[in-house]
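Structure first, commentary second.
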Amino acid sequence: MTLSQSELMRLQESLCRADGVEAIRVVCQRILRELIEAEATDVIGAAPHEHSDKRTT
């Protein structure tokens, strides 16, 4: 999943405000969210808000 410009800006702002540990937490949280969404898309057969005949849920 590609991040939009506004999502990239919010992530950058969060990282700039955070200390070292908080920055790592923010990045890990984003990575895990993206992995979960990618896995769900694969299992379901369609991306979020996408309609597909193969969609299983």
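Predicted, not measured: the structure shown is a model, and the values here were computed from it.
In this structure Arg25 satisfies the salt bridge (charged side-chain N to carboxylate O under 4.0 Å, His left out) test together with Glu22, sequence neighbours excluded. Residues forming a side chain to side chain contact (heavy atoms under 4.5 Å, CB included) with Glu13 (at least two apart in sequence, or on another chain): Arg17.
At a threshold of 4.5 Å between side-chain heavy atoms, the hydrophobic network of Ile, Leu, Val, Met, Phe, Trp and Tyr places Val27 and Leu35 in one connected group. One hydrophobic cluster holds both Val26 and Ile31 under the rule that ILVMFWY side chains link at heavy-atom gaps under 4.5 Å.
Of the inter-residue distances, the one linking Glu37 atom CD with Ile44 atom CD1 reads 10.5 Å to the nearest 0.5 angstrom. The CD1 atom of Ile36 sits 11.5 Å away from the OG1 atom of Thr41 when rounded to the nearest 0.5 Å.
Under the 4.5 Å side-chain criterion, counting only non-hydrogen atoms from C-beta, Arg30 is in contact with Glu7.
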